[in-house]
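Below you'll find the structure, written out as structure tokens, and then a few comments.
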Amino acid sequence: MDNHPHPKGALKSGPGVASAGRIYDYFLNGRHHTPADEAAARKLQEKVPELHYMAQANRIFLQRAAAVMARAGIDQFIDLGSGIPTAWNTHEVVQVVHPRAKVVYVDNDPVVLDMSRDMLRRGGETDVAYVDADIADPKSVIEDPEVRRLIDFSRPVGYMHVAIWHFVNPEQDPWSLLRQYLDAVPSGSYLALSHVTADGQRPDKIERFNEVYKNVTARLNFRTFEEIDRFFDGWEYLPPHEDAPAGLSYVDIWGSKNPAEADPSHTWIPAGVARKP
């Protein structure tokens with residue numbers, strides 16, 4: 001699944017055209033999707049019935065990872081491809097630990113941005129901001145005035161890169177783009193990242209899924225575990241749970257108190273959390 005960004009080359013959409021972010025909202029049982037989004041989601045689910053499970057597991061990973069970072073002392077976060085607000089967003093999770101934690105959400109779906117900013121105004125939030133920027137243009141994110149207002153890049157930052165990089169095509173070199181984000185933050189910063197993989201899945205199922213997906217929202221790039229591991233080069237993995245070695249895991253296993261009950265065959269999404277040494 002996805003955490004609903006719209007990087008360069010992906011489809012931006014209004015309410016009458018399916019949006020990755022609002023499709024994700026549908027799978028999370030949210031209320032902020034349109035009939036076009038629901039129709040697209042149903043088409044996807046016909047090909048991949050486990051999509052609802054995938055979306056839920058991916059969301060839970062984001063919440064668990066954010067909580068781990070906050071307990072480690074991180075009190076400023078950048079959430080890329082944040083999508084439509086739903087229950088227990090990043091700022092709600094981390095502000096349990098640090099009530100004045102700063103969080104910047106980055107997206108460029110106009111519907112997501114309008115809705116999110118309206119919610120912030122009504123809630124009187126001053127430590128949270130939504131920024132309209134292309135995730136495939138790291139400089140535009142890092143140098144954005146709202147990002148600079150809230151985030152002190154001389155102090156450790158928590159990055160939430162949850163299910164976004166599979167929207168960035170190989171010709172854009174997502175590894176180099178991500179490295180620009182990682183190079184902008186100091187030692188002690190954290191990265192949470194999840195990404196779809198075709199490893200362990202039937203090729204015919206992948207092909208059908210991708211064909212439908214690119215027709216309703218954006219091209220999806222399935223990558224191997226090895227390719228996903230490259231995103232973390234030079235950073236130190238945390239163990240996904242107390243009985244596991246540090247490294248990549250699946251989203252429904254990461255942070256679980258009962259990892260044996262997880263079903264990785266239904267997620268397709270490896271994930272990791274790492275610290276900059």
Side-chain angles (χ1 to χ4, degrees), residues 1-3 54 56-82 88-98 101-105 151-153 155-166 174-175 177-197 199-200 223-264 267-277:
M1 267 301 293
D2 58 87
N3 209 40
M54 291 165 63
Q56 296 282 345
N58 192 58
R59 183 69 179 179
I60 291 169
F61 165 69
L62 180 147
Q63 294 162 347
R64 289 171 174 168
V68 165
M69 293 183 197
R71 290 195 294 269
I74 302 299
D75 62 1
Q76 50 178 3
F77 294 78
I78 299 176
D79 187 335
L80 288 187
S82 53
W88 288 102
N89 301 287
T90 298
H91 73 281
E92 294 168 315
V93 173
V94 302
Q95 287 178 352
V96 170
V97 181
H98 303 290
K102 309 293 192 293
V103 179
V104 177
Y105 296 99
I151 305 298
D152 178 357
F153 283 92
R155 299 175 53 246
V157 173
Y159 275 130
M160 312 307 295
H161 289 207
V162 178
I164 58 171
W165 288 103
H166 45 231
W175 296 276
L177 294 175
L178 175 64
R179 187 56 45 182
Q180 293 179 53
Y181 287 105
L182 302 189
D183 288 347
V185 296
S187 173
S189 296
Y190 283 80
L191 167 68
L193 184 148
S194 64
H195 192 299
V196 293
T197 185
D199 288 0
R223 296 190 168 102
T224 65
F225 263 72
E226 183 178 0
E227 289 173 319
I228 297 167
D229 182 64
R230 282 178 55 199
F231 286 116
F232 293 92
D233 279 355
W235 287 45
E236 299 171 345
Y237 278 116
L238 274 60
H241 57 85
E242 60 183 14
D243 298 322
L248 284 175
S249 183
Y250 279 95
V251 285
D252 55 346
I253 292 176
W254 205 97
S256 173
K257 297 189 185 316
N258 301 294
E261 297 177 5
D263 189 353
T267 65
W268 306 29
I269 309 176
V273 177
R275 182 180 183 275
K276 187 172 186 176

**Prompt:** So do V273 and Y237 actually touch side chain to side chain, heavy atoms under 4.5 Å?
**Reply:** no

Review point. Backbone N or O of V157 within a donor-acceptor pair of the S189 side chain at under 3.5 Å?
Key: yes

query: Any side-chain heavy-atom pair from L193 and I228 closer than 4.5 angstrom?
result: yes

Tightest non-hydrogen contact, residues R179 and F232, listed as NH2-C, 4.4 Å

Point to revise | Test item: L191 and H161 side chains (from C-beta on) under 4.5 Å apart, heavy atoms | key: yes

Distance col, row I253:CD1 vs L248:CG, nearest 0.5 angstrom, shows 11.5 Å

- Item | Note, V251 side chain near H195 side chain (heavy atom, < 4.5 Å) | no

Distance col, row W254:CH2 vs R64:CZ, nearest 0.5 angstrom, shows 9.0 Å

Between A101 and V94, the two heavy atoms sitting closest are CB-CG2, 3.8 Å

For P174 and R223 the tightest heavy-atom approach is CG-NH2, 3.5 Å

List the steps and the verdict of side chain to side chain donor-acceptor pair (under 3.5 Å) for D183 and Q180.
CA-CA 5 Å; D183 288 347; Q180 293 179 53; over 6 Å; no

**Prompt:** Between the side chain of R155 and the main-chain N/O of D75, is any donor-acceptor distance below 3.5 Å?
**Reply:** no

ask   = Do the side chains of Y159 and L178 get nearer than 4.5 Å, heavy atoms only?
value = no

Separation between CZ (R59) and CE (M54), nearest 0.5 Å, reads 16.0 Å

Heavy atoms of A192 and A65 approach each other most closely as CB-CB, 3.8 Å

Between P240 and A246, the two heavy atoms sitting closest are CD-CA, 4.4 Å

**OP:** Kindly say whether the aromatic ring centers of F225 and Y250 come within a distance under 6.0 Å.
**Re:** yes

D152 side chain near K102 side chain, heavy-atom distance below 4.5 Å: no

Less than 4.5 Å apart, side chain to side chain, heavy atoms only: is that true for V68 and Y190? no

Rounded to the nearest 0.5 Å, the CE atom of M160 sits from the CD atom of Q63 at a distance of 9.5 Å

Interatomic distance, CG@L80 vs OH@Y181, rounded to 0.5 Å, equals 4.5 Å

Q.
Go through it in stages, so that I can follow the logic: the residues are F153 and V185, the test is side-chain contact (heavy atoms from CB on, under 4.5 Å), and I'd like the CA-CA distance, side-chain angles, deciding distance and then a yes or no.
A. CA-CA 6 Å; F153 283 92; V185 296; 3.9 Å; yes

Do the side chains of W175 and E227 get nearer than 4.5 Å, heavy atoms only?
yes

Backbone N/O of V103 and side chain of H91: donor-acceptor pair under 3.5 Å:
no

So CD of E242 and NZ of K257: to nearest 0.5 Å the spacing works out to 8.0 Å

Original post:
Can any side-chain N or O of T197 pair as donor or acceptor with the backbone N or O of I269 at less than 3.5 Å?
Top reply: no

Minimal heavy-atom distance between G81 and I164, with the atoms involved, is CA-CG2, 4.0 Å

